[in-house]
Protein chains: 2
Amino acid sequence: MIFLNSLQNKMGAQTELILKTSSLSITSSRKKILEIFLSASTALAHQDIEKLAEQYDRVTIYRTLQTFLDRGIIHTIPTTDNTIKYALCSDDCITSGHHHDNHVHFLCDQCGRTLCLDDVSIPAITLPKGYSMKEINMVVNGICKTCME
Amino acid sequence: MIFLNSLQNKMGAQTELILKTSSLSITSSRKKILEIFLSASTALAHQDIEKLAEQYDRVTIYRTLQTFLDRGIIHTIPTTDNTIKYALCSDDCITSGHHHDNHVHFLCDQCGRTLCLDDVSIPAITLPKGYSMKEINMVVNGICKTCME
DNA sequence: TATAGAATGCAACTTTGTTGCAAAATACTT
DNA sequence: AAGTATTTTGCAACAAAGTTGCATTCTATA
């Protein structure tokens, strides 16, 4: 019990730090949603968060996610089933101010989870003349490790 | 006028051929939606099609797009703003039966258009052990050629 | 601790997508 | 070419997803 409290305090401290770094006021809904992201192993849909933070209003969750997106705390992942998925940005992504999330995302067709393949980086490509690149995303569909077993 | 008719006949023949190839019955809504795709230079959202084919019911458009997806006539493009965009598959994509759409897609942040960069193919990547790949998508955001000028 | 400013919850609304079913259109048979 | 089986369409009703305005509550700060 003491151990559990200490864990929660740790996470509480972490969420407050993230909010402070982004100069956002510290509210319980924001902390709760950040905690959800920190303990999630996969990218989350709005609906997932709604279920895990059901004490908060749907509108609040929409607005909080939008705020986090604006501040670069989270990012969206383009998915082939065109559901919106959100994931935490990596540390240096947040601190560096602008968004650069250079790893490949994996969408499991069986369990439906969206995973960040942190170790697989997106290869460089050459665009036709006249195009300017700002962001690049790579999404792979298939069966994930867990579902293959 | 004669010239215009001949053009429309040409496109009519083309749309009917596509439908026949996929063993779909030929209906005016399907032909209309195919014509829209054939004359579009960019990928289209459901909403775009609804505006361009307003004589048809919303439900019909949903069902037609789903049918075209099932037959591999069109494909969806994952976008970072998480709107669903549809584009015609290339010829060999249709005829070969299974879908393989190996080019990079470009999303212009300025004009909002989604373009198929047919000449830029998706580079190969290596997934971690245990993952199986079925489909791969690469989406680039930035400013397109037209908007840069 | 008082207060200005920000965030939240609620209600009402718009947009987007789905389903069942009767009517209409298409394909097929003869 | 006409009749019939099958498919497709449109309508209605609904469900889900997302948005907006405003009054209330909470947070930061002096």
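All chains are named by letter (A, B, ...) in the order of the sequence lines, taking the proteins before the strands, and each is independently numbered beginning at 1.
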ask   = Applying the 4.5 Å side-chain criterion to the ILVMFWY set and letting contacts propagate, would A:Phe106 and B:Val139 be lumped into a single cluster?
value = no
request  = Would you state whether a donor and an acceptor, one from the side chain of B:Arg58 and one from the base of D:dG10, lie under 3.5 Å apart?
outcome  = no
inquiry  = How many whole angstroms separate atom CD1 of B:Ile84 from atom C1' of C:dT16?
reply    = 9 Å
message = Membership question, hydrophobic clusters at under 4.5 Å side-chain separation (ILVMFWY): are B:Ile143 and B:Val120 in the same one?
response = no
Atom CD of A:Glu54: over 12 foreign heavy atoms under 6.0 Å = no
inquiry  = Under 4.0 Å, heavy atoms only, any strand: does B:Ser29 hit a base, just the sugar-phosphate, or nothing?
reply    = sugar-phosphate
inquiry  = In this structure, how many angstroms lie between the P atom of D:dG10 and the CD atom of B:Glu54, rounded?
reply    = 13 Å
task = Taking only the side-chain heavy atoms of B:Thr64 (C-beta and beyond), determine which of D:dT9, D:dT8, C:dT18 contains the nearest atom.
result = D:dT9
task = Could you check how far OH of A:Tyr56 sits from C1' of D:dT24, rounded to whole Å?
result = 17 Å
inquiry  = So, does A:Ser25 get its side chain near the phosphate of C:dA7, meaning an N or O under 4.0 Å from OP1 or OP2?
reply    = yes
task = Choose from C:dG9, C:dT26, C:dT18 the nucleotide whose nearest atom is closest to any side-chain atom of B:Thr27.
result = C:dT26
Interatomic distance, A:Ile26 CD1 vs C:dG5 P [rounded to whole Å] = 20 Å
task = Using a 4.0 Å heavy-atom cut-off across all strands, classify A:Arg63 as base, sugar-phosphate, or nothing.
result = base
inquiry  = OP1 or OP2 of D:dG10 versus the side-chain N and O atoms of B:Thr60: is any pair under 4.0 Å?
reply    = yes
ask   = Looking at the side chain of A:His46, which of C:dA11, D:dG18, D:dA28 is the nearest nucleotide?
value = D:dG18
key: 5'-most by nearest nucleotide on DNA chain C - B:Val59 or B:Leu24   = B:Val59
query = If you check the A:Asp57 side chain, which of C:dT18, C:dA6, C:dC10 turns out closest?
reply = C:dC10
query = Rounded to whole angstrom units, what separation is found between the CG atom of B:Leu65 and the P atom of C:dT18?
reply = 11 Å
inquiry  = Starting the side chain at C-beta, find the nucleotide from D:dT8, C:dT16, D:dT27 nearest to B:Tyr62.
reply    = C:dT16
query = Same cluster or not: are B:Ile33 and B:Leu38 linked, directly or through other Ile, Leu, Val, Met, Phe, Trp or Tyr residues, by side-chain heavy atoms under 4.5 angstrom apart?
reply = yes
task = Rounded off to whole Å, could you give me the CD1-to-P distance for the B:Ile49 and C:dT16 pair?
result = 13 Å
request  = Please report, rounded to the nearest Å, how far the P atom of C:dT8 is from the CD1 atom of A:Ile61.
outcome  = 10 Å
ask   = So A:Tyr62 and A:His46, would you call those rings parallel, tilted or perpendicular, with 30° and 60° as cut-offs?
value = parallel
message = Rounding to an integer number of Å, can you tell me how far A:Glu16 CD sits from D:dA28 C1'?
response = 13 Å
